[in-house]
Amino acid sequence: MRLKIILLILFSGALLGFSTPFSTPPPLKTKTTPTKPEDMLSKDVLRFNRELQTIKAEYVQPTSEHQLLQNAMQGMANGLDPHSSFLDADDLKDLQTATTGEFSGLGLEVAMEDGLLHVVTPIDDGPAQKAGIKSGDWILRINNSPIQGLTLREAVKKMRGEKGTPIHLTLIRKGLHKPITVDLKRETIRVRSVKGRLLEPNLAYIRISSFQESTRKDLDNLINQLQHKQKTPLKGLILDLRNNPGGLLTSASDVANAFLDPNKMGYHHVIVYTQGQTPEANMKLTAKPNDQIYREAMIVLINQGSASGAEIVAGALQDNKRAVILGTKSFGKGSVQTVIPLDETSALKLTTALYYTPSGRSIQAAGILPDITLDELKVSTVDEDPVDSIYLHESELKGHLQNGNASPKNIFEMPTTIASNDLVKNDYQLFEAFNLLKGMVVLQETPMKG
């Protein structure tokens, strides 16, 4: 594979409280002749070397060339887009453990925007979700230190730490007029990507919180368990992809394949395809024959925290008219990141392609629009304060999916009882999806008269 090296130098600075006068730099000379690309590259290399030597000689603290070059490599990748980054040995270890489903931290998917840390989604059952942190929140301070001026890498490192150690976050949330403070403790995050239950006989609810190496296998096992439990095939299914930040591209494609029959698909059986600069970045993932494990009525729940792999699944099912997509517009992360080794201890996580739904829709910065738009609402009873009836996010629903006593022998299943009153209060979108699914099952069982 041919490698290209491009130097991108970013500089920004602010002068605060200086009393020492600075000399005025000479005016820039106006060039009358166009500069050749090779001349510009030569000047950029000279400028980079001069900056390196100046910082090494005059910075307030001694700094090694190794550290400066590490910073330059980080800046070169971080300046491309929010998802590209330079990975050292620790970063590679974290990335590997994240895809296998176990790592240490707060359980947050975050991105840096406008100098602030934006919460893409909290991970199910992690410390952040338990503390009430929601998709769309902005983190202003970590342990009372401001985020402003930090890179995403630096901010994430501040949130990492040993299991059980405390951390204090200051956040802002849309619709609230003052910051929120949250105290929580770091934990080992064990992401169980698939879980579910029967809502009532023949109707199932399955949640996929991320796409890991084992997700498709776990999905197959869960559907088989649910069907074995009631001893008849399922007639209706709700697939919950809300606040799912994505994961492995191949895993998302395999999950979509679980619900798609190639004989009934259009678009040449394509689930997702990607386009980039290199031949390796251009690929098509297609549905495999005899790989579908569920064929009946289906609803998919998405929201603003559904990103990447979740959008691939929702887009493929929507384009093939396989499921009704219900909820709010998804996040809009339509890019593919490839980990390219640089040596034995470092790598580059680089955005190498954009992905497209089977019909050719680019999801990048656009997202998936649901077939039925339904905001996340809180329904209050007459004895509750109506002022509290504000828009909610999935991460705020603390009681619904964990109620009751699940069988310890079944690692996938959540509680098997359902109370409509509790459901409409705690998860209005799921309540409406449940009602819609029941209607779809009735319609498909009703014989047509001619």
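It should be emphasised that the depicted structure is a prediction, and the values quoted were computed from it without experimental measurement.
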(message) I'd like to know if the side chain of Q304 pairs up with that of T328 as donor and acceptor (distance under 3.5 Å, no hydrogens or angles considered).
(response) yes

(message) When you compare the side chains of N71 and Q67, does any donor N or O come within less than 3.5 Å of an acceptor on the partner?
(response) yes

Any salt bridge (Lys or Arg N to Asp or Glu O under 4.0 Å) involving [range]? Give me the pairs, sequence neighbours left out, ordered by first then second residue.
range	result
residues 334-358	none
residues 69-79	none
residues 304-323	D319-R361

(request) Nearest 0.5 Å please: distance from the CD atom of Q230 over to the CG atom of N202. (result)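 Between Q230 CD and N202 CG, I get 4.5 Å after rounding to 0.5 Å.
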
(request) Kindly compute the distance separating CG (L354) from OG1 (T274), expressed to the nearest 0.5 Å. (result)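 Separation between the atoms: 9.0 Å.
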
(request) Please report the shortest heavy-atom distance between L117 and I147, naming the atom on each side. (result)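 Smallest heavy-atom distance, with atoms named: N-CG2, 3.9 Å.
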
(request) Check I302 against A314 and note the closest heavy-atom contact, atom names and distance. (result)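 Where I302 meets A314 most closely, the heavy atoms are CG2-CB, 4.1 Å.
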
(request) Could you tell me whether D90 and R160 have a side-chain N and a carboxylate O separated by less than 4.0 Å? (result)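 Salt bridge between D90 and R160, a charged N being under 4.0 Å from a carboxylate O: no.
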
Measure from the side-chain N and O atoms of [X] to the backbone N and O of [Y], and report whether any donor-acceptor pair falls under 3.5 Å.
X	Y	result
K185	E187	no
S193	T215	no
Y355	V272	no

With sequence neighbours excluded, residues passing side chain to side chain donor-acceptor pair (under 3.5 Å) with [X]:
X	answer
D81	S84, T351
T373	none
D371	Q318
T338	T352

(request) Using the ring-ring contact (aromatic ring centres under 6.0 Å, His included) rule, collect all pairs that involve residues 231-256, keeping only residues at least two apart or in two chains. (result) none

(request) Answer yes or no: is there a side-chain heavy-atom contact under 4.5 Å between Q70 and M73? (result)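 Touching, per the 4.5 Å side-chain cut-off.
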
(request) Answer whether the closest heavy-atom distance between the side chains of R242 and D427 falls below 4.5 Å. (result) yes

Going by atom type alone, with no hydrogens or angles, which donor-acceptor pairs under 3.5 Å involve a side-chain atom of residues 161-169 and a protein atom two or more places apart or on another chain?
residue: T165; atom: OG1; partner: E162; partner atom: O; Å: 2.6
residue: T165; atom: OG1; partner: R186; partner atom: NH1; Å: 2.9
residue: H168; atom: ND1; partner: D183; partner atom: OD1; Å: 2.6

(request) Would you mind telling me which of L116, I172, L108 makes a side-chain contact (heavy atoms from CB on, under 4.5 Å) with I139? (result) L108

(request) Could you pull out all residues at least two apart from F86 that satisfy ring pair (Phe, Tyr, Trp, His ring centres under 6.0 Å)? (result) none

(request) Among residues two or more places apart or on two chains, list those pairs meeting side chain to side chain donor-acceptor pair (under 3.5 Å) that have a residue in residues 137-147. (result) D137-R173

Can you give the donor-acceptor pairs under 3.5 Å from side chains of residues 245-257 to other protein atoms, not counting sequence neighbours?
residue: S251; atom: OG; partner: Q212; partner atom: O; Å: 2.9
residue: D254; atom: OD1; partner: K288; partner atom: NZ; Å: 3.1
residue: N257; atom: OD1; partner: K288; partner atom: N; Å: 2.7

